[in-house]
Amino acid sequence: MMEEKYAPHAIEKKWQQYWEEHDTFKREIDTAKPKSYVLEMFPYPSGNLHMGHVRNYSIGDVVARFRTMRGFNVLHPMGFDSFGMPAENAAIEHGIPPKKWTLENIENMTRQLKQLGLSYDWNREAITCKPDYYKWTEWFFELFYKRGLAVKKNSSVNWCDHCNTVLANEQVEDGKCWRCKHEVHKKQLSQWFFKITDYADELLKDLEKIPGWPERVKVMQENWIGRSEGLEFSFDVPALNEKLPVYTTRPDTIQGVTFVVVPPEHPIVEKMLQGNPREAELREFCDKVRNTSDIERTSSTSEKLGMYTGFDCVHPLTGHKVQIWITNYVLFDYGTGAVMGVPTHDSRDWQFATKYNIPKILVIQPKDKELKLEDMTDAYEEDGIMVNSGKFDGMTNIEAMSAVSDEIERIGAGKRRVNYRLRDWLISRQRYWGAPIPIIYCPNCGEVLVPEEDLPVLLPEDVKFDAGAKSPLATSESFLHCKCPKCGADATRETDTMDTFLCSSWYFLRYTDPKNDKAPFAKEANAYWGPVDQYIGGIEHAILHLLYSRFFLKVLRDAGMVDYDEPFTNLLTQGMVIKDGAKMSKSLGNVVSPEEILEKYGADTARLFILFAAPPERELDWSDSGVEGSFRFINRVWRIIWHYKDVVAQKVTSYDAAGLDEADKELRRALNASIKKVTEDVEQRFNFNTAISSLMELVNAMYAYKDGKQEYNAGLVYETVKDLLLLLAPFVPHVTEELWHGVIDENTSVHDQSWPAYDEAALKVDNVEIVLQINGKVRGRLVVPSEASREELEKVALADERIKSLIGDGTVRKIIAVPGRLVNIVVK
RNA sequence: GCCGCUGUGGCGGAAUUGGCAGACGCACUUGACUCAAAAUCAAGCGCCUUUGCGGGCGUGCCGGUUCGACUCCGGCCAGCGGCACCA
């Protein structure tokens, strides 16, 4: 039944069809089995899979298939993150409707995914741009709205001129749009936000609850959230009868304050400008600062500029007058948007004060030397002892931090406060291809939610895509106009859509109950499957998707929909696929398309190479001859099994372990060592590369056995062939299925079998080669019984002729014997 | 500037608890098979030195701990990635 030669294409097509017909990967809740939820980040349907996808999904597939064979009920779904700009650009540039473009791409990519032989339960597919999915995205918006977590507010937001839309903070990289790489600038607009900052503290704290995440991802999230503890207090501005609040993490330096700085955006600026004798000059300066690009303005290397406003405020502790300056180096949207200036203990303030000749007061002295103001060239930012600080003098600055905070709180000038770098998540987009925001604006009732029974608000198709800076949805008359659900008056719809990252913040929950039309998912279904046990994807989502999803889940938990705190228990971030030292890209011309590899070698070779070439977290260097090597290995497996097929056909399924000869024992040892290695590498470490190399060693042992034997032990050969196929099955699912049917059992699937167990006793060898060292240098080798004791080892080592002559008349000071490994003789 | 990761043969990588550095594969060399080539099978393959046996050196660099260090400690260097005027 099996062919003599390995023909990947026919085999792969055949078994893909077989799995589909037999629903091999369909999964239902089964409380009798432990569950495991294995998930790979779903793709954006750009049209074609790239090698990064192949790597991501090959890793996930091995884990899913392995865990299935280990007895888990494995949930392994796939879908498409299918809203977003590229579909809309296709419409603008080529006149293709976004829906058509997207669905065709999904079709093509689904075909490619199926060609890879991935063990997905396609019955659970989730496609975010389909109404049966985005209905629930809209529903979640309403849930957040009702919980006070979705709010429309006017603020300074990131705007991309190229994409004609606003962007979330997380979507601005290096001052540029994450998607089109054009420069982003700030705009004052009224937009919808999700209040992720309400969860800032928990998002930070709960990183402790996910030890299964890579440290670096957690560090990135920690930095992004940017928690800091400090003091917020106010300076009185008598001339305006106002208070000017500032935030500091260094309350200990408060007596060193010699100025206060505000950015042009600060509301107090306008009050100081009106009627100011230098109004024109100051306004010109403010405009100049406002017009510098954000990247330039927020770069720490930019020159610090400022102008004195002519206004002073009063220091809350000393009562001294302090000048108020307008500058370019304060961020309006962090803290209170105003900062106290301490030139002696903050490097930025030092630069500023030096440039404008503002006085400096030293308030901290280092413990080991004495600083003199006139000798200093920069601020002293380290710890020390308080000076020039009245009653705080003599304290360490650490003590002064709390003493000053206490004092400020006592006199009622301010309070301790925690601040975050994290900003609220801007979720509205002035784009067409996204889930509509289910809000209606009524002249009488204001903002009104679309009633739940009217969801989904469907995307209209009669729109103009090149509407410029307003949402294309505003160009559809049929969409725009509606009746107020509360009072029936003529009303209009919100024309912005939601950020696609919102759609992808809950898709892993939908997979647990994908066909539900009463709710986004049933609590019971999710209680069985959730949370995701193993999540696999690219590091580029370290902040964006992985932070939003964590936030989403916490809100759903508070709403009683789920009973756990974190969506992804374990996370594996796979490295990039590179070639010739660089990321594969069209412009470099080093792209290898999965389709050409599949055509030339088939899916099994592509999968095997990608898993063998590097450990999953590291970069993978694509090598054409390496692929060739993987193909060769599969052929080698094929030939050795072809060679043994008649022995296997005898179906001798047992043998007497006590009656084995040396060659038999060696093969049996290789088999059991390989089972152990592959099991541990896949289960505990995801070291697929070393798992595969041990399988290569096993195959090499099968070749050695072939040449070293007159008569095969049929039982041992049967066991070896069978177990080899089982061990290989998660990596190369098609060829193992073919061989399984061909030589082991034509009536069952290799993928329905249990993972093989190893026999510890079979790993033992009778004799081992140990190393003889003198002063740590290898000076000889000796074969000894493997259970030889320390004393015996010492004895045989000292009896060795070569060792004896090398010791000569030196004195043996010490002998270290490690059974099974070495004897080290220390000679003087 | 701050934080993180990575440095091992010609190349990808292995060494899981401090115990033979270089598993496995790629490339290369040789042999068998062949009229020949490819494929396959078998053997060799860190560097220097030696006819050979052997000897010396070797995991980015410098030092330390140890009988013994790719592995632990201290100090550097290089490359990559993230954050970056967050007060």
Side-chain angles (χ1 to χ4, degrees), chain A residues 173-174 214-220 222-224 226-228 230-231 246-250 253 261 263 295 297-304 327-331 333-342 345-349 351-352 419-423 539-540 542-543 575-576 608-609 612-615 617-630 632-633 635-636 639 677 680-681 684-685 687 689-697 699-700 703-704 706-707 769-778 780-781 813-827:
Chain A
E173 301 168 345
D174 245 347
E215 203 50 40
R216 67 168 174 153
V217 174
K218 288 194 279 186
V219 168
M220 279 163 84
E222 220 174 283
N223 293 341
W224 190 262
R227 183 181 197 272
S228 77
L231 179 69
V246 298
Y247 173 76
T248 181
T249 54
R250 292 294 303 271
T253 65
V261 266
I295 326 163
R297 204 175 140 185
T298 56
S299 155
S300 53
T301 53
S302 296
E303 195 187 6
K304 287 158 184 54
T327 66
N328 64 343
Y329 80 96
V330 173
L331 301 171
D333 53 1
Y334 181 78
T336 62
V339 174
M340 66 180 202
V342 185
H345 304 290
D346 181 290
S347 192
R348 296 159 297 185
D349 297 341
Q351 287 172 44
F352 188 75
N419 243 308
Y420 297 95
R421 210 194 71 114
L422 182 71
R423 305 290 197 276
I539 186 76
E540 67 275 15
I543 292 166
M576 277 193 314
L608 188 73
F609 168 72
F612 177 61
E617 304 232 46
R618 272 214 242 169
E619 272 185 353
L620 185 150
D621 200 354
W622 187 268
S623 143
D624 291 329
S625 52
V627 179
E628 199 77 48
S630 293
R632 217 148 42 203
F633 173 67
N635 277 283
R636 208 167 139 77
R639 278 192 305 272
K677 177 80 177 152
E680 290 175 357
D681 278 353
Q684 297 160 24
R685 288 182 284 273
N687 283 354
N689 55 330
T690 49
I692 292 167
S693 69
S694 100
L695 288 166
M696 290 173 169
E697 286 178 281
V699 170
N700 289 345
Y703 273 85
K706 165 175 85 86
D707 294 333
E769 188 186 67
I770 59 155
V771 168
L772 303 180
Q773 295 182 332
I774 292 179
N775 295 336
K777 292 204 184 272
V778 181
R781 281 153 207 283
R813 309 197 72 157
K814 197 173 178 184
I815 302 176
I816 297 104
V818 183
R821 294 198 190 271
L822 55 78
V823 179
N824 186 16
I825 302 167
V826 186
V827 178

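Values in this document were obtained by computation on a predicted structure and should not be read as measured data.
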Colleague: For the side chain of A:D621, counting heavy atoms from C-beta on, which of B:rG19, B:rG7, B:rG12 is nearest?
Modeller: B:rG12
Colleague: Which nucleotide, in any strand shown, forms a Watson-Crick or G-U wobble pair with B:rA27, with both distances under 3.5 Å?
Modeller: none
Colleague: Paired with B:rC20: which nucleotide, if any, by Watson-Crick or G-U wobble criteria at under 3.5 Å for both distances?
Modeller: none
Colleague: With distance as the sole criterion, do the side chain of A:N824 and the base of B:rC67 form a donor-acceptor contact below 3.5 Å?
Modeller: yes
Colleague: Looking at A:R636, does any N or O in its side chain come under 4.0 Å of the phosphate oxygens OP1/OP2 on B:rC41?
Modeller: yes
Colleague: Please pick, from B:rC83, B:rA23, B:rG19, the nucleotide with the shortest atom-to-atom distance to any side-chain atom of A:I816.
Modeller: B:rG19
Colleague: Rounded to the nearest angstrom, tell me the gap between atom CG in A:N419 and atom P in B:rA87.
Modeller: 8 Å
Colleague: So, does A:N635 get its side chain near the phosphate of B:rU40, meaning an N or O under 4.0 Å from OP1 or OP2?
Modeller: no
Colleague: Look through every strand shown and name the nucleotide pairing with B:rA78 as Watson-Crick or G-U wobble, where both distances are under 3.5 Å.
Modeller: B:rU6
Colleague: Counting only side-chain N and O atoms of A:T298, is one of them less than 4.0 Å from OP1 or OP2 of B:rC85?
Modeller: yes
Colleague: Between P on B:rA87 and CZ on A:F352, what's the gap in Å once rounded to a whole number?
Modeller: 19 Å
Colleague: Hey, is the side chain of A:R781 pairing donor to acceptor with the base of B:rC20 inside 3.5 Å?
Modeller: yes
Colleague: Is there a Watson-Crick or G-U wobble partner for B:rC72 with both distances under 3.5 Å, and which nucleotide is it?
Modeller: B:rG64
Colleague: Can you tell me which nucleotide in B:rG12, B:rC41, B:rG82 comes closest to the side chain of A:M220?
Modeller: B:rG82
Colleague: Determine the interatomic distance between C1' on B:rG79 and the same-named atom on B:rU8; round to the nearest Å.
Modeller: 16 Å
Colleague: Would you call A:D333-A:R423 a salt bridge at under 4.0 Å N-O?
Modeller: yes
Colleague: Return the pairing partner of B:rU40 with a 3.5 Å limit on both distances, Watson-Crick or G-U wobble; otherwise return none.
Modeller: B:rA32
Colleague: Considering Watson-Crick and G-U wobble pairs with both distances under 3.5 Å, what does B:rG58 pair with?
Modeller: none
Colleague: Of the options B:rG68, B:rA87, B:rC85, whose atoms approach the side-chain atoms of A:Y334 most closely?
Modeller: B:rA87
Colleague: Paired with B:rC45: which nucleotide, if any, by Watson-Crick or G-U wobble criteria at under 3.5 Å for both distances?
Modeller: none
Colleague: Under 4.0 Å: is that the gap between some side-chain N or O of A:R639 and OP1 or OP2 of B:rC41?
Modeller: yes
Colleague: CZ of A:R813 versus C1' of B:rU66: gap in Å, rounded?
Modeller: 15 Å
Colleague: Find the distance A:L331:CG to B:rA84:P and express it as a whole number of Å.
Modeller: 10 Å
Colleague: Sticking with atom P, work out how far B:rG60 lies from B:rA69, rounded to a whole angstrom.
Modeller: 15 Å
Colleague: Using atom P in both nucleotides, what's the gap between B:rC70 and B:rG52 to the nearest angstrom?
Modeller: 29 Å
Colleague: Under a 90° cut-off about 0 for the syn range, is B:rG52 syn or anti?
Modeller: anti
Colleague: For the side chain of A:K777, starting at C-beta, report the closest nucleotide among B:rA42, B:rC85, B:rC57.
Modeller: B:rC57
Colleague: With rounding to the closest Å, how many angstrom separate the P atoms on B:rU29 and B:rG55?
Modeller: 31 Å
Colleague: Closest to the A:S228 side chain: B:rA23, B:rA87, B:rC85?
Modeller: B:rA87
Colleague: 5'-most contact on RNA chain B: A:I770 or A:T301, nearest heavy atom basis?
Modeller: A:I770
Colleague: Go through the side-chain N and O atoms of A:R421 and A:N223 and say whether any donor and acceptor fall under 3.5 Å apart.
Modeller: no
Colleague: Consider the side chain of A:S302, meaning its heavy atoms from C-beta on, and name the nucleotide among B:rC85, B:rA14, B:rG19 that approaches it most closely.
Modeller: B:rC85
Colleague: What distance, rounded to whole Å, do you find between the two P atoms, one in B:rU17 and one in B:rG68?
Modeller: 22 Å
Colleague: In whole angstrom, give the distance that lies between atom CD1 of A:I539 and atom P of B:rC80.
Modeller: 18 Å
Colleague: Report the distance from atom CH2 of A:W622 to atom P of B:rC26, rounded to the nearest whole Å.
Modeller: 15 Å
Colleague: Please tell me which of A:L620 and A:V778 maps to the more 5' nucleotide of RNA chain B, matching each residue to the nucleotide holding its nearest heavy atom.
Modeller: A:L620
Colleague: Between B:rG13, B:rC3, B:rA27, which nucleotide gets closest to the side-chain atoms of A:R618?
Modeller: B:rG13
Colleague: Checking contacts here: which listed nucleotide (B:rA23, B:rA84, B:rA87) is nearest the side-chain heavy atoms of A:T690?
Modeller: B:rA23
Colleague: Please state how far atom CG in A:D624 lies from atom P in B:rA27, giving the value in whole angstrom units.
Modeller: 11 Å
Colleague: Calculate the interatomic distance between A:H345 atom NE2 and B:rC85 atom P; express it in whole Å.
Modeller: 23 Å
Colleague: Are the side chains of A:S694 and A:E680 in contact, using a 4.5 Å heavy-atom criterion?
Modeller: no
Colleague: If you check every side-chain atom of A:R632, which of B:rG13, B:rC85, B:rC26 has the closest atom?
Modeller: B:rC26
Colleague: Tell which nucleotide pairs with B:rC53, taking only Watson-Crick or G-U wobble pairs whose two distances are both under 3.5 angstrom.
Modeller: none
